[in-house]
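See structure below.
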2 protein chains.
Amino acid sequence: MKKQERQRYIKRLLSSNEIERQEDFVRLLRAEDIDVTQATISRDIKDMQLVKVPSVTGGYHYSMPVQKKMDTEKKLRRTLKDAYVSYATQDKFVLIKVLPGNGPALASLIEAMHYDNVFGTLGDDDTVLIIGKSLDATLDLQQTLQRLLSDN
Amino acid sequence: MKKQERQRYIKRLLSSNEIERQEDFVRLLRAEDIDVTQATISRDIKDMQLVKVPSVTGGYHYSMPVQKKMDTEKKLRRTLKDAYVSYATQDKFVLIKVLPGNGPALASLIEAMHYDNVFGTLGDDDTVLIIGKSLDATLDLQQTLQRLLSDN
DNA sequence: TGTGAATATCAATTCAAC
DNA sequence: GTTGAATTGATATTCACA
């Protein structure tokens, strides 16, 4: 089916770009040779329950559904608490050591959060490397992770 | 200041009504003798970072910001875990017994979540009474609370 | 059922006024 | 800094069709 595939692309686009308008999706999907119109994107957004969030910086951007975000964060917090060993930072990198076998799961949860200050994530057996979009972004991210670790 | 007061009303309206369009806010605020236009509501929504959520039932409704919802849920979960004693259900009611002093806090957290299946909440020193909008709603709510209690 | 083109509806912004 | 009226801009829906 075509719709499914397109919606997977849309999900991926959510992480990497600040998407302000539905037309942005149209443009970005066309760059991937997926031809759609705004009407279809509107329907996809309804399907996927994406929301248009007023961002602190003044604009708007599309984001994952609230409930899914909360669920993902719960899993992330639990995984962090269960598997966390230590972490270190350097430049735009955060390196998290975890119990063997937990790297990939943790990395994919962090990706699923679509943190907008994360450039990319990489998990091997017992290590997760997170690359921030900037030094500030990396600091923010670090604080987010610490907050998750210390519960609240 | 006028803006602040209006935004307080808007926040309250979020809980009690399924608000689908900005004009709905205008209408409901006018019923409370607060005269505004759609333009102002649009700006308030940006200010408060409210989002228009595609609901499962096919429509759309405005909802609180994701982050705040997550924060509130965390507090609610913690309070529940800390203070929970027992609970009972009858008809559309859920009655939660908590440690003395925790009733009001728990009640206000549940209200802050703006669960759409909750009709109203009432907390005294060691008891919280939640009134569901229907029998089904009350069952759903019960499950939500159990889920929160058992962590996840 | 899923889609695009056209359209209707809804939301954000501009601009003037306060 | 805040607002309403008018406007522009964006999104949801309708309608025809694959």
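Chain naming here is simple, since letters A, B, ... match the order of the sequence lines and numbering starts at 1 in each.
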So, the side chain of A:Arg77 versus the backbone of A:Leu149: is there a donor-acceptor pair under 3.5 Å, distance only?
->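 Absent.
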Can any side-chain N or O of B:Gln38 pair as donor or acceptor with the backbone N or O of B:Glu23 at less than 3.5 Å?
-> no
Output the rounded distance in Å from [atom1] ([X]) to [atom2] ([N]).
| X | N | atom1 | atom2 | value |
| --- | --- | --- | --- | --- |
| A:Phe25 | D:dA12 | CZ | P | 11 Å |
| A:Asp44 | D:dT11 | CG | C1' | 13 Å |
| B:Gln7 | D:dT3 | CD | P | 8 Å |
| A:Met48 | D:dA12 | CE | C1' | 17 Å |
| A:Asp35 | C:dG2 | CG | P | 19 Å |
| B:Ile34 | D:dT2 | CD1 | P | 16 Å |

Kindly work out whether a path of hydrophobic side-chain contacts (I/L/V/M/F/W/Y, heavy atoms less than 4.5 Å apart) joins A:Ile130 to A:Met113.
-> yes
Salt bridge (charged side-chain N to carboxylate O under 4.0 Å, His left out): which pairs involve residues 47-62 of chain A, sequence neighbours left out?
-> A:Lys3-A:Asp47
Can you check nucleotides 11-18 of chain C for protein contacts, nitrogen or oxygen pairs under 3.5 Å, and list what you find?
{"from": "C:dA11", "atom 1": "OP1", "to": "B:Tyr62", "atom 2": "OH", "distance (Å)": "2.7"}
{"from": "C:dA11", "atom 1": "OP2", "to": "B:Gln22", "atom 2": "N", "distance (Å)": "2.8"}
{"from": "C:dA12", "atom 1": "OP2", "to": "B:Gln22", "atom 2": "NE2", "distance (Å)": "2.6"}
{"from": "C:dA12", "atom 1": "OP2", "to": "B:Ser42", "atom 2": "OG", "distance (Å)": "2.9"}
{"from": "C:dA12", "atom 1": "O5'", "to": "B:Ser42", "atom 2": "OG", "distance (Å)": "3.4"}
{"from": "C:dA12", "atom 1": "N7", "to": "B:Gln38", "atom 2": "NE2", "distance (Å)": "2.9"}
{"from": "C:dA12", "atom 1": "N6", "to": "B:Gln38", "atom 2": "OE1", "distance (Å)": "2.8"}
{"from": "C:dT13", "atom 1": "OP2", "to": "B:Lys46", "atom 2": "NZ", "distance (Å)": "3.1"}
{"from": "C:dT14", "atom 1": "O4", "to": "B:Arg43", "atom 2": "NH1", "distance (Å)": "3.1"}

Taking only nitrogen or oxygen atoms into account, show me every contact under 3.5 Å that the protein makes with nucleotides 16-18 of chain D, one pair per line with its distance.
none

Run the ring-centre check on A:Phe25 versus A:Tyr62 and record whether the distance is less than 6.0 Å.
-> yes
Quick one: label A:Asp24 by what it contacts on the DNA or RNA (base, sugar-phosphate, nothing), any heavy atom closer than 4.0 Å.
->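 If one applies the 4.0 Å heavy-atom cut-off, A:Asp24 turns out to touch nothing in the nucleic acid.
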State whether a side-chain donor-acceptor pair under 3.5 Å links B:Tyr87 with B:Gln142.
-> yes
Less than 4.5 Å apart, any side-chain heavy atom of B:Val98 and any of B:Thr127?
-> no
Going by heavy atoms in the side chains, are A:Leu28 and A:Ile19 under 4.5 Å from each other?
-> yes
